[in-house]
Amino acid sequence: SENFRSSYYGTLGVSSVAVVKPPSSLDVLFKAEILDVVKLKSICLQHPLTTFHRPLVWKTILGVSPTANNEATRIYVKEQRKQQLEDLKRCLKFVSREPAGTTPSPEEFSLLYLIEKNRLLVSKRAEHTDLCAIAKPFIKLFPADEDAYWLFSSFAAMWETEMESSDLIPIGAFMDIVTRGIRDWSVSGYCGPP
């Protein structure tokens, strides 16, 4: 599609020269054989992400997608994760004796995560509430169940590791901030750092 300004100037009889944008640093990085996660994080902290790049960047940074830039590897990993999620859902169905809904819920993601980490029977109500708060933005942001769950799972595991080693803000307050950011992205179209 043609640039709006060029079209407008053309209607006024003013000729313009088309400016070809150089490839973004993300495009260059994603063409490498092995994705450099450190550089990827650095770029994301310095520049806003496009809607196109956001899912792949999040999946790469959180370790859901492999860093090998090979389509066959990505497809294999995606299929394995999909199968693993189906296995977790079957376990949840067996344990809860209730059919899972067609759309994922934060509660379902929380229980799946606790099953994955083998902590379902020893978890506390507060932990379940915190995990639900973490799951909500991922469910809203990523339409594919597999992507939403594995990003949530990786983020929750990272959060738990950080919680053990530092005094972070409460998870509910943090996830409120994340949810507001997601709402702002969808309203303004700004797709900043994950």
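Remember, it's a predicted structure, so these values are computed and weren't measured experimentally. For the numbers below, each heavy atom of this structure counts, side chains included, while hydrogens, waters and symmetry mates do not.
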Can you tell me how the ring of F138 sits relative to the ring of W58, calling it parallel under 30°, perpendicular over 60° and tilted otherwise? perpendicular
In this structure, would V77 and L40 fall into the same cluster of hydrophobic residues linked by side-chain contacts under 4.5 Å? no
Taken to the nearest 0.5 Å, the spacing of L120 CG from L112 CG works out to 9.5 Å
What distance separates E86 CD from K93 NZ, expressed to the nearest 0.5 Å? 11.0 Å
Distance, nearest 0.5 Å, that separates SG of C44 from NZ of K39: 14.0 Å
Approximate separation, where rounding is to 0.5 Å, of L85 CG and R90 CZ: 10.0 Å
Show, in sequence, the C-alpha distance, side-chain angles and deciding distance for L151 and E146, and conclude whether the side chain to side chain contact (heavy atoms under 4.5 Å, CB included) test is met. CA-CA 8 Å; L151 287 163; E146 298 87 26; over 6 Å; no
Checking the side chain of R81 only, and the main-chain atoms of V64 only, is there a donor and an acceptor separated by less than 3.5 Å? yes
E160-Y113 side chain donor-acceptor pair, cut-off 3.5 Å: yes
Would you say T161's side chain and A157's backbone share a donor-acceptor pair under 3.5 angstrom? yes
From E71 CD over to K78 NZ, what is the distance, rounded to the nearest 0.5 angstrom? 9.5 Å
Counting N and O atoms only, with roles assigned by atom type, does the side chain of S154 sit under 3.5 Å from a partner on the main chain of W150, one being a donor and the other an acceptor? yes
Verdict with reasoning, H128 to L111, per side chain to side chain contact (heavy atoms under 4.5 Å, CB included): CA-CA 8 Å; H128 179 65; L111 294 172; 4.0 Å; yes
Would you confirm whether N69, through its side chain, and A32, through its main-chain N or O, come within 3.5 Å as a donor-acceptor pair? yes
Side-chain (T60) to main-chain (L56) donor-acceptor, under 3.5 angstrom: yes
Could you grab the distance from atom CD1 of I43 to atom NZ of K41, nearest 0.5 Å is fine? 13.0 Å
